[in-house]
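First the structure, in the form of structure tokens, and then the observations on it.
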Amino acid sequence: KVVMGMLAANRFTCHWDESGIDPGTGTKSKSDKDMLIVAGYFAHVDEWKKFEKQWEPTVKSANLPYFHMVDFANLNQPYNKWDEARRGRFIDRLLHIIGGTSRAWIAWAIQIDAYMEVIKAKNLLDQDIVRAYHICARKCIQSVALWSIIARHPYKVLHIFDRGNAAWDTFAASFTQPQLDSLNILAPIAQSKIDVSPLQAADALAHQTARHLELSMGIKKKEPKVLYTKQLWTPPMSGICRVIDTPTLSQMYWDERRAEQLRMRGVDV
């Protein structure tokens with residue numbers, strides 16, 4: 001109810017999820033993937049209400065608590081018990097709902113090897129380290145902020161991220177009020193994809209875009225059985241997918257780290 005109240009007041013909102021774990025934030029020093037990506041969709045609050053009215057009954061009719069793309073793509077339970085025709089009908093319905101709702105899609109990615117080259121392994125546990133998640137998530141917000149500024153949108157946009165990322169707390173704490181004002185946003189919040197169904201669409205986008213990039217960049221040689229990026233990158237002319245190269249990442253990382261150090265000293269950046 002609180003989230004919906006904030007959405008009603010701000011007209012537009014974005015839902016974001018990530019694929020990949022930052023090295024140094026989990027139980028292992030290495031990432032679980034070759035790439036970290038943050039991706040999501042942007043739409044009007046009324047369009048998200050329409051999305052929920054269609055998405056939630058579709059998922060519940062399949063006796064699922066929520067939709068998780070990694071389980072579907074890897075034929076984990078219960079999808080391993082469904083025949084191919086049933087799986088096809090189900091995913092086509094979900095993809096149709098996304099296509100009929102979203103205004104734009106955005107994805108920003110960093111290769112883990114490039115990130116490790118820039119920060120060096122010895123710095124992984126530093127208190128003021130800037131995580132790959134921080135950089136990708138901030139670029140997603142900035143992409144929407146650019147639209148907001150150009151369009152002279154009068155209302156602050158709300159950004160909702162999936163809860164559970166180990167780097168979320170430090171990312172959320174990095175925003176000052178002047179920053180929020182300059183980006184024309186409210187303070188970003190984290191919610192569970194079980195409770196906020198548009199995050200399930202963001203989950204599908206992040207997972208499939210990561211697999212698409214790994215394949216197209218030659219990181220993974222084995223092609224997945226099915227890729228749904230053609231349908232998920234919708235509308236096709238209203239989205240961006242960017243991989244931050246190593247020289248750009250190096251400059252961005254140290255700029256962000258200096259900014260974090262200033263913010264910790266109470267200086268508005």
Side-chain angles (χ1 to χ4, degrees), residues 10 12-26 29 31 35-40 42 106-151 153 155-190 202 206 240-269:
N10 292 281
F12 284 93
T13 188
C14 305
H15 295 84
W16 308 103
D17 198 8
E18 80 282 350
S19 175
I21 298 173
D22 263 287
T25 60
S29 60
S31 176
M35 183 174 292
L36 186 139
I37 181 169
V38 177
F42 168 77
I106 297 168
W108 283 88
I110 291 173
Q111 285 186 259
I112 295 299
D113 285 348
Y115 179 74
M116 294 301 295
E117 181 181 339
V118 169
I119 69 164
K120 311 302 180 187
K122 65 180 182 180
N123 298 320
L124 267 180
L125 299 180
D126 286 0
Q127 204 169 33
D128 62 345
I129 193 171
V130 179
R131 301 292 176 186
Y133 175 84
H134 294 180
I135 296 171
C136 289
R138 196 178 297 278
K139 290 301 293 182
C140 286
I141 289 177
Q142 290 171 349
S143 298
V144 176
L146 181 60
W147 164 83
S148 180
I149 292 167
I150 292 172
H153 182 59
Y155 300 99
K156 291 190 174 183
V157 177
L158 177 63
H159 294 265
I160 303 176
F161 289 79
D162 182 57
R163 179 189 297 158
N165 188 286
W168 163 258
D169 288 341
T170 49
F171 173 70
S174 70
F175 287 91
T176 63
Q177 191 57 51
Q179 275 189 308
L180 298 175
D181 294 339
S182 69
L183 292 167
N184 199 32
I185 64 172
L186 292 173
I189 63 173
I240 60 170
C241 178
R242 298 285 185 271
V243 180
I244 303 171
D245 61 34
T246 304
T248 304
L249 175 61
S250 180
Q251 183 63 51
M252 289 175 62
Y253 176 81
W254 292 110
D255 285 346
E256 283 288 324
R257 189 160 186 175
R258 283 192 291 270
E260 287 297 315
Q261 290 168 346
L262 289 171
R263 279 191 285 267
M264 290 174 67
R265 287 160 45 191
V267 178
D268 283 332
V269 182

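Numbering starts at 1 and runs along the sequence shown. Treat the numbers as computed from the prediction; the structure is a model and nothing was measured.
Side-chain contact between C14 and I160 is absent, with no heavy atoms from C-beta onward closer than 4.5 Å. The side-chain heavy atoms of Q111 and T246, taken from C-beta on, include no pair separated by under 4.5 Å. Counting heavy atoms from C-beta on, the side chains of P188 and W168 come closer than 4.5 Å. Annotation: side chain of L158 is not in contact with side chain of I185 (no heavy-atom distance under 4.5 Å). The closest side-chain heavy-atom distance from I37 to C136 is not below 4.5 Å.
Contact between N184 and H153 at its shortest, heavy atoms only, is ND2-O, 3.1 Å. Taking each heavy atom of A39 and A206 in turn, the nearest pair found is CB-CA, 3.9 Å. When all heavy atoms are compared, the tightest approach of A167 to N165 is N-OD1, 2.7 Å. Nearest heavy atom pair, residue I129 against residue Y253, reads CG1-OH, 3.3 Å.
Using the six-membered ring where Trp is involved, H159 and W16 have ring planes that are parallel, under 30° apart on the 30 and 60° scheme. Aromatic ring pairs are classed by plane angle as parallel below 30°, tilted from 30° to 60° and perpendicular above 60°; the pair F171 and F175 is perpendicular.
Atom CZ of residue R242 and atom SG of residue C140 lie 12.0 Å apart, to the nearest 0.5 angstrom. Taking CD1 from I110 and CG from L249, the interatomic distance works out to 5.0 Å, rounded to the nearest 0.5 Å. Summarising the geometry, atom OG1 belonging to T176 is positioned 11.0 Å from atom CG belonging to L262; distances are rounded to the nearest 0.5 Å. Between Q179 atom CD and I141 atom CD1 the span is 9.5 Å, to the nearest 0.5 Å.
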Checking side-chain contact (heavy atoms from CB on, under 4.5 Å) for the pair E18/Y133: CA distance, chi angles, key distance, verdict?
CA-CA 8 Å; E18 80 282 350; Y133 175 84; 3.9 Å; yes
side-chain contact (heavy atoms from CB on, under 4.5 Å) between L186 and L180, intermediate numbers included:
CA-CA 6 Å; L186 292 173; L180 298 175; over 6 Å; no
L36 vs I112, side-chain contact (heavy atoms from CB on, under 4.5 Å): CA-CA, chis, key distance, verdict
CA-CA 7 Å; L36 186 139; I112 295 299; 4.1 Å; yes
Working note: R131 + Y115, criterion side-chain contact (heavy atoms from CB on, under 4.5 Å); need CA distance, chi angles, decisive distance, verdict.
CA-CA 9 Å; R131 301 292 176 186; Y115 179 74; 4.2 Å; yes
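A donor-acceptor pair is defined here as one N or O able to donate and one able to accept, closer than 3.5 Å; no such pair exists between the side chain of D17 and the backbone of V38. With Q251 contributing its side chain and T248 its backbone, the two residues share no donor-acceptor pair below 3.5 Å. Within the 3.5 Å criterion, the main-chain N or O of V118 finds no donor-acceptor partner in the side chain of S250.
Applying the side-chain hydrogen bond (donor to acceptor under 3.5 Å, both in side chains) test to pairs two or more places apart or on separate chains, those with a residue in residues 138-147 are W108-S143, R138-S174, R138-E256.
Y155 and F12 have their aromatic ring centers separated by at least 6.0 angstrom.
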